[in-house]
Structure formats: C-alpha cells, structure tokens
Amino acid sequence: KAGVTQTPRYLIKTRGQQVTLSCSPISGHRSVSWYQQTPGQGLQFLFEYFSETQRNKGNFPGRFSGRQFSNSRSEMNVSTLELGDSALYLCASSRDEKLFFGSGTQLSVL
Amino acid sequence: DQQVKQNSPSLSVQEGRISILNCDYTNSMFDYFLWYKKYPAEGPTFLISISSIKDKNEDGRFTVFLNKSAKHLSLHIVPSQPGDSAVYFCAASANTGNQFYFGTGTSLTVIP
C-alpha cells in the first residue's frame, strides 16, 4: 500500500510570493492534516480536512489555507510568504486515531 | 503556549541498555497520546499509543507509561539498539478529530 505522498520535496521562494503544496493520502484515508515543523518548535498543527471539509484549524494566520478534493488529496497554500514561513511542512493521513506522515516539503523563503 | 513538553533535547544510551524518554503535558483534557520516531529527511513514523483509560501499553521493545495525575508520560525502549537513534516526539489529543499537539522532540543516540 502506498504511503502518504507529498510534492514537491523541496521548494525555494522569495518573500511576498505564494506557494502551493500537495499531499496524496494513503488510499482509503479520508482525513488529511497539515503540520509545520521548525527547529525548536516541534510540529505545529495547521489544519485538518475530512471529506472535503475543514474539521480543525490551528493557530496560524489566514495566509495559510488549505483544501481537500473529492479523492481526498489535499493542497495547502501560503500567500505573501514571510521569512519565518521557512519550515518543513508535513502532511498526514489518519486511520484509527493514528497519523501517517509523508516525508514533507522543505520550504525555504529567501 | 507549548501544551506538550519534552524537556530533554537529547539523550545518549549504551546499546543494550534502557532508553527512557519523557514527556509532560498541561491540558487535562488530553486523553490520547502517541509516540513517533523521526529520521532525518523522513516524516515521523508511528511507534506506540496509549489511551487515558490505561496506564501502560507495550509493543515489543517499546512500552509507554502514562501518569495522569502528574500529566506525564514516558517511553521505554529495552534493549536499545543503534537503529533506534532518531528524534522521538510525543503527541497528545483531546478527542477533537485528529488535531494533535506535539512536543519539541528528544534526539536519542544509541552508542554501539
């Protein structure tokens, strides 16, 4: 069974630009969550989608948004990038209250 | 506001000995806890979980202990192996879908 797939693996952007990250969950998993990992901060919850609806949202500004499609694939968008948005963005699909993570997208904002 | 804390950024243990990783939380509503292991350039991998109705859960070399009154959980790895060298994260949830609060991680090094 294929795992969670995230694309792209690495991304370099400049301040003010916007970026879209993609996540394909494990087949059959309907919940997709997004987390931001920065050094010293651990993993911070961004949002969770279930059956195309946002079910939970973390404490991030409105520049961070997401959506989920009918095939459970999810995208995350960050507008007006800031230097502090440089981080590893992890997507996870879930089943039986367990999160299964992808390898992440490493975003660098210059 | 860090609701889940791992106060030891790093830990070194001899191969064959026990590794004990600790995690504290502040939110009394947390009722489900997970441990994850993370290698560089990979996503976190699920290790073991525990529900608040239990105080211990075992899976092979891994055992998680939960002390609800102290709001403390620990992961024991016995015996430790060099392949266990990784960053370990604890995570907690308050039964609100799949919103988990993660600690900042403990880097475990198992010395051969």
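Chain naming here is simple, since letters A, B, ... match the order of the sequence lines and numbering starts at 1 in each. Values below: all heavy atoms of this structure, side chains included; hydrogens, waters and symmetry mates excluded.
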For [X], is it the side chain, the backbone, both or neither that has a heavy atom under 4.5 Å from a heavy atom of chain A?
X	result
B/A41	both
B/F89	side chain
B/Q2	side chain

For the student: nearest non-hydrogen atoms of A/E97 and B/Y32, plus distance: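 Nearest pair, atom of A/E97 first, then B/Y32: O-CE2, 3.1 Å.
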Supply the atom-to-atom distance [X] [atom1] to [Y] [atom2], rounded to the nearest 0.5 angstrom.
X	Y	atom1	atom2	value
A/L43	B/K38	CG	NZ	8.0 Å
B/F46	A/F100	CZ	CZ	7.5 Å
B/L47	A/K98	CG	NZ	12.0 Å

Enclosure of [X] [atom1] (heavy-atom neighbours >12, cutoff 6.0 Å):
X	atom1	answer
B/K68	NZ	yes
A/R9	CZ	yes
A/N71	CG	yes
A/R63	CZ	yes
B/I111	CD1	yes

A/Y35 side chain to B/F102 backbone, donor-acceptor under 3.5 Å: no
Side-chain touch A/L99/B/Y36, heavy atoms, less than 4.5 angstrom: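 They are in side-chain contact.
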Taking a hydrophobic cluster as the set of Ile, Leu, Val, Met, Phe, Trp and Tyr residues connected by side-chain heavy atoms closer than 4.5 Å, whether directly or through intermediates, do [X] and [Y] fall within one such cluster?
X	Y	value
A/Y10	A/V78	no
B/L75	B/V110	yes
A/L46	B/Y101	no

Winner by heavy-atom pair count (cut-off under 4.5 Å) against chain B, out of A/Q6, A/Q44, A/Q37, A/K57: A/Q37
Under 4.5 Å from a heavy atom of chain B, the part of A/L88 involved: side chain
Distance-only polar pair, side chains of B/N98 and A/S33, donor-acceptor under 3.5 Å: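 There is no such pair (donor and acceptor under 3.5 Å, judged by atom type) between the side chains of B/N98 and A/S33.
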